[in-house]
Amino acid sequence: MATYYTEPSRTFSEFLLIPNLTTKACTPANVSLKTPLVKFAKGEQPAYSLNIPFASAVMQSVSDDRMGVALARAGGISFIFGSQPIEEQAGMVRKVKNHKAGFVVSRSNLTPDDTLQDVLDLKARNGHSHFAITHDGTPNGKLLGLVTSRDYRISRDATDKPIRSFMTPFESLIVGRSGITLSEANDLIWDHKLNVLPIVDERQHLDTLVFRKDYDAHKEHPYELLDANKSYVVGAGINSKDYMDRVPALVEAGADVLVIDSSDGYSEWQRETIEYVKANFDVKIGAGNVVDREGFLYLVEAGADFVKVGIGGGSICITREQKGIGRGQASAVIEVAEARDEYFRRTGVYVPICSDGGIVHDYHITLALAMGADFVMMGRYFARFDESPTRKLKIGNNFVKEFWGEGSNRARNWQRYDTGGKSGLMFEEGVDSYVPYAGPLQENMDKTTAKIKSTMCNCGSLTISELQKNARITLVSATSLVEGGAHDVILKDNSGLSGE
Ligand code: IMP
């Protein structure tokens, strides 16, 4: 006879947190959202932690290299989507790893034989006000000079004047040598009152530029997630089919953490994938998705460094309708977190869990953490930002961004859903949609994390692990859900602003 679970499975919206005593020391400024990303033994530090407990979903419409840089800069991690050719995915990983915060490849380059008119044309085209003059006009050619608006006067100078006659020549420039740190570069910028500092190698070839304004921006990202070489930390999605080809390329490109991306991870395919990766590479690997203790323990025993939880709760997901598998996200997280804690008590090894999908309101994140998740993975949330890879469109008076599921016809990521045979090719498990455009990632994340920290103070917790221990969580009745929003008042027009 089948096993019946008599308790209904529940979603985040069915729960609330009951405040604990807030001490005077418990202020948002004192809250840390640092959290482990991969497993570690009691008394040791995890090899990777997140400064903000957010991961962006392994999806074409969410996680490319641009999102990877933006999210690592904000303290979280992106998992670059795997539903693309191996070389393209590895290229995206490489771009994130090579992105040196503050050091940029020069994008406006000319030769000494070009003219003032060429400077003016380039300026009109890309709006830049600094031009590197290299021997061949390429970004890494031999640096011969620099042109800024201080070097010419449009009202007086003939536009056919060659650049060599008015550029600031290399001999008069202050430059940094390749390999200097950002703070050393900033000292030069500061000491010599520069707006831009060219970085050159030993052959005088231009490497990168450091702009004064970028250094300031860099200082505005106190949570940025860097590896030992000061490159951004980045993850990548893999599948349990082509891993023997994909994993070597991703590791070679510098991926820090891999994750097997599947709608149902409780499978022998995943065990074999983890075993292969562990036997051949020194790279971290997460697995999933599961929704119960059996699935969690299976993947942990196979060697997973973290486990992803959630089936069917994603905003674009129709798995539950199509196949009838899944579990309310809150119930899944609660059960897996219990299994994780039990496993820790038994073995002394802590395996982080990630609540994946179904975050609709910011407070859902706090609930997921309180219920035991170490971090959350989100698709819809990140798809709304400037940094997501999709088009921004105007529909009526509103801006939207495109957002499609990995199981939709558009993504054609059938490997994520493949259960063997031909079944994975026959029906969709996701939809193609729009989400409201929400602006830049950092601005939105600042708001979201402010809410989380504030709620953690209400719950008397300065860290996520304190929250997991201290939280008092109550179920809400269907009737009391109504009083949770504004009710029994007539709302004034708020110009379409909507709280997330
Ligand atoms: P969201 O944060 O609610 O948008 O959920 C994102 C999560 O949905 C992803 O991290 C995946 O686990 C899952 N997902 C992505 N694409 C699909 C799909 O096409 N069908 C079902 N689930 C999907």
Side-chain angles (χ1 to χ4, degrees), residues 11-13 53-63 67 71 76-84 235-239 259-266 270 286-291 295 306-330 332-333 336 353-362 364-365 367-368 373 375-385 388-390 401-419 424-436 438 444-445 448 500:
T11 69
F12 294 128
S13 290
F54 294 4
S56 68
V58 197
M59 297 173 71
Q60 293 174 4
S61 50
V62 180
S63 298
M67 180 62 74
L71 183 49
I77 188 170
S78 282
F79 287 91
I80 306 290
F81 67 95
S83 52
Q84 60 176 325
I238 61 168
N239 61 72
V259 67
I260 313 174
D261 182 44
S262 168
S263 67
D264 169 16
Y266 188 10
Q270 290 229 353
N289 286 7
V290 301
V291 289
F306 67 90
V307 174
K308 223 144 58 71
V309 181
I311 298 180
S315 55
I316 30 46
C317 175
I318 51 171
T319 297
R320 292 185 195 167
E321 278 171 27
Q322 292 281 56
K323 294 171 66 179
I325 59 165
R327 192 172 202 188
Q329 187 64 12
V333 170
V336 175
I353 61 171
C354 165
S355 172
D356 176 17
I359 298 293
V360 181
H361 301 290
D362 288 340
H364 287 172
I365 302 173
L367 270 174
F375 60 103
V376 295
M377 176 173 272
M378 299 180 285
R380 190 198 61 87
Y381 178 85
F382 288 108
R384 300 171 305 149
F385 303 153
S388 76
T390 68
K401 290 211 61 164
E402 297 175 302
F403 180 45
W404 59 92
E406 286 297 294
S408 67
N409 250 328
R410 182 161 181 184
R412 306 195 71 79
N413 180 7
W414 306 122
Q415 283 162 329
R416 184 171 198 274
Y417 302 91
D418 195 0
T419 44
L425 297 170
M426 293 171 73
F427 56 90
E428 290 181 282
E429 290 198 35
V431 297
D432 191 355
S433 68
Y434 300 117
V435 284
N444 284 276
M445 270 183 63
T448 303
E500 174 49 38

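Just follow the structure's listing: the first ligand is 1, and inside any ligand the first atom is 1. Remember, predicted model here, so these are calculated numbers, not experimental data.
Taking a cut-off of under 4.0 Å to the non-hydrogen atoms of G314, the atoms of ligand 1 that pass are 3 (O), 5 (O), 8 (O). Close contacts of ligand 1 with R380, meaning ligand atoms under 4.0 Å from a residue heavy atom, involve 1 (P), 2 (O), 4 (O). Using a 4.0 Å cut-off to heavy atoms of M377, the atoms of ligand 1 that qualify are 10 (O). Residue-ligand proximity, M378 to ligand 1, at heavy-atom distances under 4.0 Å covers atoms 2 (O). Within ligand 1, counting atoms from 1 as listed, the ones closer than 4.0 Å to a heavy atom of E429 are 18 (C), 19 (O), 20 (N), 21 (C). Listed by number with element, the atoms of ligand 1 under 4.0 Å from a non-hydrogen atom of A57 are 9 (C), 10 (O). Annotation for ligand 1: atoms under 4.0 Å from non-hydrogen atoms of G357 are 1 (P), 2 (O), 3 (O), 5 (O). The ligand atoms of ligand 1 that sit less than 4.0 angstrom from a heavy atom of G430 are 18 (C), 19 (O), 20 (N).
For the 3.5 Å distance criterion, the side chains of Y381 and S315 fail to qualify, holding no donor opposite an acceptor.
The nearest protein atom to atom 6 (C) of ligand 1, hydrogens excluded, is given as G379 N, 3.7 Å; this is a heavy-atom distance. For atom 13 (C) of ligand 1, the closest non-hydrogen atom on the protein side is R416 NH2, 3.7 Å. Looking only at heavy atoms of the protein, atom 17 (C) of ligand 1 is closest to Y417 OH, 3.1 Å. The closest protein non-hydrogen atom to atom 16 (N) of ligand 1 is E406 N, 2.9 Å.
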Does the pair K401 and R384 meet the rule for a side chain to side chain contact (heavy atoms under 4.5 Å, CB included), with working shown?
CA-CA 6 Å; K401 290 211 61 164; R384 300 171 305 149; 5.9 Å; no
Note to self: Before you tell me yes or no, could you show the steps for T319 and I325 under side chain to side chain contact (heavy atoms under 4.5 Å, CB included), namely the whole-Å CA-CA distance, both residues' side-chain angles and the distance that decides it to 0.1 Å?
What the structure shows: CA-CA 7 Å; T319 297; I325 59 165; 3.7 Å; yes
Between I365 and M378, is a side chain to side chain contact (heavy atoms under 4.5 Å, CB included) present by the stated rule, with each step listed?
CA-CA 10 Å; I365 302 173; M378 299 180 285; 3.8 Å; yes
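Nearest to atom 22 (N) of ligand 1 by heavy-atom distance, out of S315, S355, C317, is C317.
Judged by the shortest distance from any of its heavy atoms, F403 lies inside the 4.0 Å radius around the atoms of ligand 1. For the ligand labelled ligand 1, residue G358 lies inside the 4.0 Å heavy-atom shell.
Under 4.0 angstrom from ligand 1, there are no non-hydrogen atoms of F79. When heavy-atom distances to ligand 1 are checked against a 4.0 Å cut-off, E428 has no atom that comes that close, whether in backbone or side chain.
Side-chain atoms of Q60 come within 3.5 Å of backbone atoms of A411 as a donor-acceptor pair (strictly under, hydrogens ignored). Between the side chain of S63 and the backbone N or O of I80, no donor-acceptor pair lies under 3.5 Å. Of the possible polar contacts, one joining the N444 side chain to the A438 backbone as a donor-acceptor pair under 3.5 Å is found.
Residues F12 and I359 are in side-chain contact: their nearest non-hydrogen atoms beyond the backbone lie under 4.5 Å apart. With a 4.5 Å cut-off on side-chain heavy atoms, V62 and F403 count as touching.
Considering backbone and side-chain atoms alike, D356 places an N or O below 3.5 Å from some N or O of ligand 1. At least one N or O atom of G407 sits closer than 3.5 Å to an N or O atom of ligand 1. The N/O atoms of I316, backbone and side chain alike, include none that comes under 3.5 Å of an N/O atom in ligand 1.
We find that R410 and E402 are joined by a salt bridge, their nearest charged nitrogen and carboxylate oxygen being less than 4.0 Å apart.
Considering OG1 of T448 and NE2 of H364, their distance stands at 13.0 Å, rounded to 0.5 Å.
Between F79 and F306, the ring-plane angle classifies as tilted under the 30° and 60° cut-offs.
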